[in-house]
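What follows is a set of notes on a single structure, which appears directly below.
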Amino acid sequence: MNLLPIQIAALIRDALLAAQAAGDLPPFALPETIPVQRSNKPELADYACPVAMPLAKTAGLKPLDIAQAIARHVPPADFLESVTAAPPGFLNIRLSNRWVMHQIDTIIAAGENVFALDLGTGQKAQVECVSANPTGPITVGRTRGGVIGSTMANVLAALGYQVEMEYYFNNAGRQMQLLGHSLQARYRQELGLPAALPEEGYQGDYLISMAKDLVAKYDKALANEPWERFKQEAETAVFAWIERSLARIGIRFDHFFNENSVYENGKVWEVLKTLEDNGYAYRAVNREGATPDEIAKTPANAKEAIWFRSTRLGDKEDRVIVKASGEPTYVLPDIAYHMNKLDRGFSYLINVLGADHIVEAQSVARGLQAVGYDPKPVHVLLHQFVTLFEGGKQKRMSTRKGEYVTLDELVEDVGPDVVRYFILARSADAHLEFDLDLARQQANENPVYYIQNAHVRCAGIFRQTTERGLTDEGADLSLLGDREQAFVRKMLEMLEMLVQTHEEVAPHKLAFFAHDLARMFHPMYDEVRVLHGDVPEDVAKARLRLYRAAQIVFKRLLTLMGMSAPDVM
RNA sequence: GCCCUCAUAGCUCAGAGGAUAGAGCGUUGCCCUCCGGAGGCAGAGGCGCAGGUUCGAGUCCUGCUGAGGGCACCA
C-alpha cells in the first residue's frame with residue numbers, strides 16, 4: 001500500500017509546474033514540501049492542501065486563484081475523484097468512491113498483515129525500555145515505559161523493521177548490595193536467628209516470602225553465607241517475577257543487557273581512553289567553570305575526579321565520569337552500552353525513559369558524539385510520571401519502603417487490556433493519572449470494551465451468517481452506501497497514522513485512532529444490517545464483506561496495541 | 001536560583017502553522033419486533049494571563065502565573 005498524502009503532493013507539484021508551463025501561473029520557485037493533510041471536513045474532502053496560501057505573496061495572486069489554477073492542471077489518477085479549490089485558498093481532494101470501495105478487497109487480501117509497509121525493510125531496530133534494576137516488583141511507573149516501548153516495537157515491525165526489545169540493568173550497585181543484606185536479614189529472621197533489616201533496607205513483604213522460599217529449599221544451609229549469595233538469590237527471583245509480570249501484559253524482551261558486561265570486556269576503559277584522546281576528558285578536583293560556591297564547598301583534601309567536557313557539546317556543565325574513588329559513574333558505561341548497540345547494527349533505536357532521565361539521555365548523546373559515533377539513530381522517548389490515585393488521594397510510591405502498587409495487582413484488578421489501553425491512551429508528555437478506583441469500577445464502561453466490542457460484533461455477524469450459509473463471495477461493493485464509504489475512508493487513514501506514530505515516536509496515536517474508528521463503527525453497525533428481512537441478499541453480501549474488512553482492521557489495531565481481540569465478551 | 005515537561009469542557013485527555021477546536025467520563029432528554037444495549041440519537045459545557053512573529057497561532061517566540069520533574073564523585 002502507498003501513502004496517499006505523498007502521492008497527492010506529487011500530483012499537486014506536477015499541477016503547479018503544468019500551470020506555470022501553460023501560463024496560468026507566473027513563474028516562481030516551488031515550495032520544498034507540499035503540505036497535504038487529512039481534511040477536517042470529511043463531507044467535503046478526504047484531503048486538503050493549503051499550498052496556495054503562502055504562495056499568494058510570491059506569485060502576486062489571490063490564494064483562491066492559485067488554487068483554481070492548480071486544480072485545473074492536476075493529472076488524473078486512479079484513486080482521485082476530484083481536486084477543487086475552496087475559499088480562502090484550499091485545495092480539496094476527494095478520493096474516488098470506486099477506488100475506496102475497492103480497498104475493502106485490498107484489506108481482506110492483506111489479512112492479518114494489513115497496513116504493513118516496507119519503510120524499515122532490511123533494517124534492524126531496537127527498543128529499550130523498562131530497564132529497572134532488579135530490586136523489587138515492577139511498578140506501574142516502569143510499566144508505562146514497557147507499554148509504550150512494546151507498542152512502538154509492534155509498530156516498527158509493521159513498518160518492516162526487524163525489531164528487538166532490550167532491557168538494560170545494573171546488578172552491581174549499592175542498592176543491590178542493600179537488597180542482598182535485606183534478604184539475608186529476612187532469611188535469618190525466618191530461622192529465628194538475630195537479624196535486623198539494614199537501615200534504609202528493603203522493607204517489602206516480597207523479601208519475606210523469598211526468605212521463606214530459601215528456607216524451604218536450603219533449610220539452614222545458607223545461615224553463614226555472605227550477603228553476595230543473598231543478592232544473587234534475590235536478583236534471580238526478582239527478575240523471574242518482573243519478566244512474568246510484564247509478560248502478562250504482552251511485554252517480552254529479546255535481550256537483557258547487563259551493565260557490568262562493559263566493565264568485564266574493558267569497553268568502559270576504552271571509552272575513557274577515546275574521550276581523553278579526543279580532548280573530552282580531564283582530571284580535576286572541580287569541574288571547569290565551577291562556581292566559587294562549589295569550590296568553597298570542596299574539602300581541602302578532595303581527590304581528583306575525571307570529568308567529561310560535555311560543555312564543548314552544548315551541555316551547561318561538565319559531568320563526572322570517574323569518581324575520585326576510581327569508579328566510573330553511570331555515564332561512562334552508558335556511552336559504552338550505546339556504542340555497543342550501534343555496533344550491533346541497529347539503525348533505529350528507541351530509548352524509553354522516565355522524565356527524570358533527561359540529563360542521562362543528553363549525556364549519552366553527547367558522549368557518542370565525543371567518541372566519534374553518530375547519535376542520530378538514537379531516539380529518546382521520555383514519558384512523564386504515573387501517579388496513582390486511590391480513595392481520592394495520591395499514592396506515594398517507594399520500592400525500598402515497600403510502598404507501591406505492583407503491576408500484578410493492577411492486572412488482577414482491571415485486566416491486562418485495560419492496563420495497556422489506559423497507559424497507551426495518553427501522550428508520553430502528559431502526566432498519567434491512574435485512578436485505581438475508577439479503573440476498577442469502570443470495567444463495564446470504558447473505551448477498551450467499546451473498541452473490543454467492534455471486533456466482537458463483527459465476529460457475531462460471522463457466527464450468524466455461517467449458520468445461515470450466507471457468504472460474501474462475489475460481493476458487489478458498489479451497493480454500499482455513504483456511511484460505509486465514510487467508514488472505509490477512516491480505515492484507510494490507519495496507514496498514515498502508523499507512519500506518524502513512527503515519525504513522531506508517539507504510540508498514543510494508535511489508541512486514539514482505534515477509538516475514533518470504533519466510534520464510526522458502532523453507529524454504522526446499528527444502521528447497516530446484514531441479516532435483516534429488508535436487506536436483499538446482494539446488499540447483505542456487500543455489507544458482509546465490509547464487516548470482514550472491519551474485523552481485520554480492528555484485530556490489527558488491537559494486536560499492535562498489545563491487546564486481545566475477543567470474539568465474545 | 002538555574003534547566004526540562006506541561007497548562008484545552010465540571011473531570012481525564014486528543015488536536016502536521018490552516019477552514020466552524022474534538023472525544024471519553026459526568027450531566028440533561030430520548031431510542032430495544034432487528035447480526036451481543038459493553039449499543040444508538042440529541043443537548044448543555046472551551047484553548048491559564050499579557051505581548052510578539054505570520055496572510056493565518058490551541059500549535060512558534062518572550063514574559064508572567066500555576067503544576068510535575070531534574071540540577072550528586074546515585075543509577
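Proteins get letters first, then strands, A, B, ... in listed order; numbering begins at 1 in each.
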(message) Measuring from the side chain of A/N453 (C-beta onward, heavy atoms only), which nucleotide among B/A23, B/A38, B/C73 has the closest atom?
(response) B/A38
(request) Could you pull out all residues at least two apart from A/D318 that satisfy side-chain hydrogen bond (donor to acceptor under 3.5 Å, both in side chains)? (result) A/Y282, A/T311
(message) Using the P atom as the point on both nucleotides, what is the distance between B/G40 and B/C35, in whole Å?
(response) 15 Å
(request) Identify which nucleotide among B/U5, B/G40, B/C35 has an atom closest to any side-chain atom of A/Q384, counting heavy atoms from C-beta outward. (result) B/U5
(request) Rounded to the nearest 0.5 Å, what's the gap from CG on A/L117 to CG on A/L159? Could you check? (result) 5.5 Å
(message) Please pick, from B/C35, B/G36, B/C73, the nucleotide with the shortest atom-to-atom distance to any side-chain atom of A/K323.
(response) B/C73
(message) Nearest 0.5 Å, please: how far is CD1 in A/I34 from CG in A/L16?
(response) 5.0 Å
(message) If only side-chain N and O atoms count, and only distance matters, is there a donor-acceptor pair under 3.5 Å linking A/D417 with A/Q452?
(response) yes
(request) Look at all strands and tell whether A/F462 reaches a base, only sugar-phosphate, or nothing, counting heavy atoms closer than 4.0 Å. (result) nothing
(request) Would you classify B/C32 as syn or anti? Syn applies when the glycosidic angle is within 90° of 0. (result) syn
(request) Would you mind reading off the distance between A/D356 atom CG and B/A75 atom C1', rounded to a whole angstrom? (result) 10 Å
(request) Choose from B/G40, B/U5, B/G36 the nucleotide whose nearest atom is closest to any side-chain atom of A/D526. (result) B/G40
(request) Please state the C1' separation for the pair B/A9 and B/G70 - nearest whole angstrom. (result) 32 Å
(message) Taking the cut-offs as 6.0 angstrom to the six-membered ring centre and 45 degrees off its axis, would you call A/R519 and A/Y450 a cation-pi pair?
(response) no
(request) Please state the P separation for the pair B/A44 and B/U8 - nearest whole angstrom. (result) 22 Å
(request) If a protein heavy atom is under 4.0 Å from the base, mark B; if only from the sugar-phosphate, S; if neither, -; do that for nucleotides 12-19 of chain B going 5' to 3'. (result) SSSSB-BB
(request) Tell me what A/V499 touches on the nucleic acid: a base, only sugar-phosphate, or nothing, going by heavy atoms under 4.0 Å. (result) nothing
(message) Under a 3.5 Å threshold, yes or no: a donor from one side chain and an acceptor from the other, between A/K297 and A/N286?
(response) no
(request) Mind checking A/D534 for me? I need base, sugar-phosphate or nothing, with any heavy atom below 4.0 Å counting as a touch. (result) nothing
(message) What I want to check is whether the side chains of A/E496 and A/Y47 have a donor and an acceptor closer together than 3.5 Å.
(response) yes
(request) Please indicate yes or no: is the ring centre of A/Y449 less than 5.5 Å from the centre of the six-membered base ring of B/A38, with the two planes inclined by under 30 degrees? (result) yes
